[in-house]
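I'd like to ask some things about the structure below.
Just so we're on the same page: letters track the sequence lines, and every chain starts at 1.
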Amino acid sequence: MSDALLEVEGLTVHFPIRKGVLQRQVGTVRAVDGIDFSLKRRETLSLVGESGCGKSTTGLALMGLVKATAGTVTFAGERIAGLRGSALRAFRRRVQIVFQDPFSSLNPRQRVRDIIRAPLDIHRVGTARERQKRVAELMERVGLRPDQADNFPHQFSGGQRQRIGIARALALKPEIIICDEPVSALDVSVQAQILNLLADLQRDLGVSYLFISHDLGVVEHISRRVAVMYLGKIVEIADRDALFARPTHPYTELLMKSAPSLDPRRRHVFSASSDVVPSATQKPSGCPFHPRCHLATEECKAADPALTPRDDGRLVACHHR
Amino acid sequence: MRMPKPLRNPSFVIGAAITLFIVGCAVLAPHVAPYGVEQMDMRNRFAGPSLEHLLGTDNFGRDLWSRMVFGARISLMIALISVGGAALIGTVVGLVSGYFGGWVDLVLGRITDIFLGFPAIILALAIVAVLGPGIVNVSLALIVVFWTEYARVVRGATLVLREQNYVQAARALGAGPLRIIFREILPNALGPIIVLASLGLGTAIIAESALSFLGFGLPPPAPTWGWTLSYGTRFMRDEPWLAIVSGAAIMITVLGFNLLGDGLRDLLDPRQLSRGRGERRKA
Amino acid sequence: QETIVVGTDVDAGTLDSRLTRDTTAYRVADLIYSGLVHITPQLEVVPDLAESWETPDPQTFIFKLRDGLKFSDGTPLTADDVVYTYTTLLNPDFNAPMRTLYTPIQSVEKVDDLTVKFSLDAPYAPLLSYLDLGIVPQELAEGGHDIATQPVGAGPMKLTSWNRGAEIALEANPEYWGGAPQIEKVTLKIIPDNSARAQAFEAGDLDVIQSPLSPQDISRLAGDDRFGNAIMPGLGVTYINFNTKDPLLSDPKMRQAFSMLVDQQTIVSDIYQDVDKVASSVLLPSSWAYSPDIKQPTFNIEGAVALFNELGWTDSNGDGILDKDGNKLTVTLATHSEDPNRVQTIEFLQTMFSQAGVDAKTQITDWPSFSTNYVQKSQHQIALLGWLNIVDPDRLLFSQLTTGGSTNWGGYSNPKVDELLQKGRSSLDQQERAAAYQEAAKILAEELPYFIVSYQGYQLFYDKELPTEVTATPRGYLRGLIGMEN
Amino acid sequence: MMTTPATMLADKKPVLAVEDLEIRIRGEHGSFSVVADMSLAVAAGETLCIVGESGCGKSMTALALLRLLPEAAEIAGGRVEINGRDVLKLGAHEVEDLRGEEIAMIFQEPLTALNPVMTIGLQIAEAVRQHRKVSASAAMAQAVETLKLVQMPDPERRARQYPHELSGGMRQRAMIALALACDPKIIVADEPTTALDVTIQAQILGLIADLQKRLGSAQILITHDLGVVAEVADRVIVMYAGRKVEEASVYDLFDHPIHPYTKGLMGAIPRGRASERLADIPGTVPPMWDLPKGCAFAPRCPGASARCLEERPLFEEKRPGHFAACWEHDDV
Amino acid sequence: MIAYLIRRLLLFIPMAMGMVVVTFGLLLIIPGDPASVLLGQEASPEAIERLRDSLGLNDPWYVRLWDYFASLLSGDLGTSIFQNQPVATIILGRLGATIELAIAALVIATVLGLAMGVVSAMRQGSIIDTITMIFAQLGVSMPVYWLSLLLMLAFAVQLGWLPAIGRGMPLPEAFWAAITGRPQALIESLSHLLLPALALSATPAAIISRLTRTSMLEMLREDFVRTAYAKGLRRPRVIIRHVLRNALLPVLSVIGLRFGMLLGGAVLTESIFAWPGLGQLTITAISQRDLPLIQGIVLTFALIFALVNLLVDLLYAAVDPRVRLG
Ligand SMILES: Nc1ncnc2c1ncn2[C@@H]1O[C@H](COP(=O)(O)OP(=O)(O)OP(=O)(O)O)[C@@H](O)[C@H]1O
Ligand SMILES: Nc1ncnc2c1ncn2[C@@H]1O[C@H](COP(=O)(O)OP(=O)(O)OP(=O)(O)O)[C@@H](O)[C@H]1O
Ligand SMILES: [Mg+2]
Ligand SMILES: [Mg+2]
């Protein structure tokens, strides 16, 4: 895709498992295992998937917060060499991140003013007075009163704190904001406020979001395109409407079937039986989903299906669909 | 109105009161001491407490109260220097070791182990023997003994803190290690350091007096509590007063610092920071 | 009760009589070994292994051993063992601590099995008082037996066990030429802390304790009628060593002035609780050389200040400290930290000095630092020290105060004194010797390379229930406790 | 008998009835009530859901039923009746006998709610032995049985494992087994699926529904997720700032929410492809120790009148079987 | 497991080497040397110099260090300059006494500390709690040597109940003697042990009691305790089976850490009570600048430190299934 702002190819992150006093490596966690996707300007791409499937790691790897084992990233046509080194620093100004936990992502010992100003200080943007002004601006932009600037994070509610995090991410006028589950720690009423704020910001500032979530409702609401991850792989990636209308990968299907309805008259009949859920440490051979898949065959055990395009433009990694 | 939180903590209040009293005496020593520290009166040795000599006199007939007050200066000075130095070194080592991890941590960890493995007293004795006695030298010896504790605690705290999202956030913003360590991590590790330091002040005072007791402390005529106690124990059978007063001075001061430290521990406990409203935890 | 338990302050380092260097070792070695002679509490030399001796000329001593002597293991003791003991002792490589005392010996030869001949380089009067050195069995020692830890001697007792750091147990030696002593067992318990040792004694854990003791314990124990005691002058002095090479102290007048600041009476009565006695000269009162007429300067602050003024030290700027040519009168008073009484003395002196307008600093470090790096390198100004075992005046004076003497740390030099001390050591006539020492002492009391602060006292406390008659010796030897004459 | 609206179950007798429960907390901000005027009732075979925002007092209510409130909290008034006995008046041992036997609880975070140094099997067996006079091995066998009941894969092996060795879903199953070990008549589940992934949540909800059908117990399920409510509830209580604001059958509630807070909640849930703005509720929940004089929701309520700010609305039946506390709603 | 042990012990080597080097360096710059101490005041400078030569003290430092390491490699700790005995023999002779004292103190501290901590946690805010915690505060504030002397004064001198100083038969031997019909040997050993052990245990007892209390209070707030109550368990059972067991974990590692410190703290106690252990030996060795002996002692302490830590880790793993050794 040529109009892509960000293009990710073969992104891979492996963590060594170290043990013992000498910290010898005894295994690898294949947290992210070669994923490709792209993100357009003003677009929201969601990453959904279950806990531990590598969503956050993907986000952190993009920010260079964890070292990518392999893969390339092209940003605005320019290749960020191997996701390492100094090119990353400049890249970071243009890509920012908002974390899930609004409590732990703000330093409890810093005033809100200092938290929001930190990126300006780090990148030496403007004079002291300009930074001051910018902080006030940003606070207003995310719906905080600038007179609260001298308060500490614990004096704010969860939603307000998430706003502080967003203000900080906005400070450097990034083109992409990675939102790592920004609302999953919030009550629905507050969650709605933040989702609205993110939508407003995109409309007004034209940022793109890489939106990480495990909540299909939220994903459906906010994204243009959706990538479904399972154990470090993207198993399906499609436009939102297409995906929700017709989930193709069996895992996508399972996710949707599991989401509670919001209609007591249309209850699901959930199965009480339990799956043995594999982890990134002990990945099954072949298609990682095969132990839980009702379509699984010998082929699935043997070969990992590639992400291949389907008629309607979506990409699916499944031998059978 | 309710009392401010620290004032409702008895440990803190008593500890702070004792500490303030001792520090006050030390600072104002020339004003609160009615006699000179070295003013001997051999005809009036081992006098009991009286209006003339609040705490009585010592083996040279010197006013014990005056000596205790001036002794407080020395004890506090040594305690402050040694705890300050140990905290500084230990904190830096702990931060660096915890933040960078890997081989840096491995090497610093081994070095810490080396000092940890030494029986404290051997190390201190040897160092004082090398450097000779003196406020700074005794303090240095105690620094060498005590820094490991800070290194350990700070390293532990750093290991936890560096995984905190706000540290990740700072890195995401492009902050360098120095900024992260000193702006993001250190302020949050300060709680345990302060607690440790105030407990450490007590330990340092005891350690200093033990060195004096073994003859490795500040030599007389410095009015150190340790020497007074060391003399005191010699006269203990017949003139127990000297040992009791000097021992009690040490104990009360240490008690003050310990209570203060405990109080601070309660007050600075991060679990006491209320979690905010309107959020939900997910595993 | 056939066992007595004695408290002592340190563990013996070695029990090889030639290598002993601590009080416990001396005391134990005295029981385990016998020497050619024995020194009585009155410091008289009496026969022990040697039955008799003669001095054909001032440089020759011939000793006749008793017949049928045996070591405690039953092997015979002969002239060979005596020769072996002294030859090894004199070998510089053997590193015997006391070798200097014996260096005038040129050779030791066996004349026959029961006769030994000592030949000297020069007449050396004190020698006899050093010949109580325990004789070790040559055969065992050369056969690789470790004499240091498993000593075998011909003394009244023998070692049964030695629990390092805790206790040394001895039992009667039936092979002793004088027969087995009355007491069958002696145990020495090691308790380093003086007060703790006194408390253990009071608690009944020990039957006997002796110097070193804390003065404050001594007066209490002396007043306790459960205990008998022997409190007598010792064989040591506590003295001030002036560094005569120090520019400030090179003038005897200065040393005199400083000496006048030493309030001996207070030190002795308040710090040493009258256990030690005020000293007046380098000669011990118990010594045959003593003369009451020789007197060091006595305490006199005004006199001292007057003397300082005379020497140009005045308080010209009114700060309470004497000065001269713009320099303050500053001295450093030093001692080692192990002995709390010395530390107290320094502390006291410091105050007295400053009352006289002397800016006195103190330097107190542990013994190895103090001795090796300080006093022995003559880096001190005024140091408080002590000498022990002064069984002969020579032992306190010759190496210490003759020009270039091996322990002349203050660098003192006076040809007249050198001559007198040499005479004192070479003459075999006690009268002559006394005269020489007295003359030297007179000079020293004026020139003051040493200012003797006190004569050390010796104390022994024992349980009155002890089965034997107790006789004490200022050296702290224990033969007087086991039913022998000391 | 009880006359509060909650007990108006035409046909069934409640096994658990709570009347005017008030819970107060003593703390930094003095003493204030976190739950007030709480009345509820459940009958056998019925599932009552309590929903509400974080901190509105749901867990406090649940814990009060077992008299397990944390130290800072105390029951300041009201009655809790289990099978006609007032739990609040029982002696310590009597309450202990009640717990696990009559009323059991499932906690939110199974990793912390299980003892980390004891095997799953032992923890369940311990509950069995507390209430039944059986041998240790029989209790263990019973534990394995219960694990089978909650469809724990490989129950014998799991019984010998420690909590940290299990996945989140399995831990929650163990937690449920623990609660079921002595066939309690009432099960209180405090956000049993909040910590779980959707696919696992679906399984656990399926399991809970399944078990209730088989065991016929009365069930109180606490959640903040209206989706879960829609899936499992028979009746629903909506709480706001420590009080009930609405109570109805699950159908009534979803069909015609009355209270503006309930409406706000429903509007705030993103659903469907609608990319337009969500109907959020402005503002934040007031702190419990500083509630406004009138209706606690008034400051955030789009339709609040002067009266709402002054006077606390009564909790009244607005439609048959549908109760709410709102001055401005007169829909009959 | 075996591999784990081996790796742990391998880690000890660099630590021990580091400690040897540090000790060596310290003693290199420390003023005073064994030769002059050994020969005493009256020795002539030449004699001292000769002895320095024969002791190798005049060799360059790297030669000495190298020699030391070389002999270490062949398993030789050297010979004490003063006692003329192999360092290993001397230390082994003393080690038992110190370990006996330290273990006794640790046992007292643990029993006392746990009991006090549990009681005061269970009665938080009560008079018992207050009194216990005042004791705990005093325990950590009191200089050990002061306490030692007070104890000795009270129990040995004034009351005469216990011997003031020294050590009886080594405890294992005394036990054997008691079994074979001489119980008085055991009584004597224990009566000697009691006072020093008590003095030495004050600080750790205080620390353990405070830690136990905090840890208990913390555990009491844990969710799983609530679960235990929710099962209907009785309070004592909850406290013992659920609270205490988990609360002991942090206490365990502190006990381990304290053991190391106890050995060091024994220096003062041992010299006051004339307990013939390593502590006393340490002071003597330093005051004599007996380098090989000091090195030996340092290495011994290091080894004990490492072993105790290892033991704590193993215990920890045994008690807490979450901890995996590997
Ligand atoms: N620093 C790390 N070291 C080792 N393993 C890691 C590390 N960070 C993450 N992992 C592992 O990588 C896998 C993916 O983790 P990640 O946090 O990316 O998942 P996620 O999809 O964000 O999950 P969640 O929804 O719980 O946030 C997990 O198995 C996790 O345990
Ligand atoms: N141990 C405690 N001490 C003091 N206050 C507490 C304690 N536990 C809870 N609270 C307070 O009591 C109120 C009600 O808490 P509760 O746990 O019942 O809320 P909840 O509705 O269960 O919330 P959540 O959905 O977050 O679990 C809250 O304001 C909370 O801050
Ligand atoms: Mg994540
Ligand atoms: Mg809750």
Turns out that what part of A:Ser271 lies under 4.5 Å from chain D's heavy atoms comes down to backbone

For A:Leu195, is it the side chain, the backbone, both or neither that has a heavy atom under 4.5 Å from a heavy atom of chain D?
-> side chain

Quick one: pull up CG in A:Asp187 and CD1 in D:Ile281 and give me the separation to the nearest 0.5 Å.
-> 9.5 Å

Proximity breakdown for D:Ser167 and chain A, heavy-atom pairs closer than 4.5 Å = neither

Sequence neighbours excluded, the answer for side-chain hydrogen bond (donor to acceptor under 3.5 Å, both in side chains) partners of D:Arg157 is D:Asp154

Could you look at A:Asp215 and say if it's the side chain, the backbone, both or neither that has a heavy atom under 4.5 Å from chain D?
-> neither

A:Glu50: salt bridge (Lys or Arg N to Asp or Glu O under 4.0 Å) partners, not counting sequence neighbours = A:Arg292

Measuring heavy-atom distances to chain A, does D:Phe254 have an atom under 4.5 Å in its side chain, in its backbone, in both, or in neither?
-> side chain

Heavy-atom count around A:Arg203 CZ within 6.0 Å, excluding the residue itself: above 12?
-> yes

Taking atom types as modelled, find out whether D:Gln201 and A:Ser258 have a side-chain donor-acceptor pair closer than 3.5 angstrom.
-> no

Please name the residue in the list D:Asp197, D:Ile200, D:Val198 that meets the side-chain contact (heavy atoms from CB on, under 4.5 Å) test with A:Ser51.
-> D:Asp197

D:Glu53 side chain to A:Ser189 main-chain N or O, any donor-acceptor pair under 3.5 Å?
-> no

The single option from D:Leu207, D:Thr199, D:Ile204, D:Leu205 that satisfies side-chain contact (heavy atoms from CB on, under 4.5 Å) with A:Phe270 is D:Leu205

pair D:Val250-A:Arg267: side-chain heavy atoms closer than 4.5 Å = yes

Distance, nearest 0.5 Å, that separates CG of D:Leu226 from CG of A:Asp263 = 12.5 Å

For chain A, the option from D:Arg300, D:Met152, D:Arg173 that forms the most heavy-atom pairs under 4.5 Å = D:Arg173

Any chance you could measure D:Ile269, atom CD1, to A:His221, atom NE2, to the nearest 0.5 Å?
-> 12.5 Å

Can you find a heavy atom in the side chain of A:Pro264 that is under 4.5 Å from one in the side chain of D:Glu231?
-> no

What are the two closest non-hydrogen atoms of D:Asp280 and A:Ala192, and how far apart are they?
-> CB-CB, 3.6 Å

Among D:Gly206, D:Ala202, D:Gly227, D:Ala233, which has the most heavy-atom pairs under 4.5 Å with chain A?
-> D:Ala202

Given that the side chain runs from C-beta out, which part of A:Asn196 has a heavy atom under 4.5 Å from chain D: side chain, backbone, both or neither?
-> both

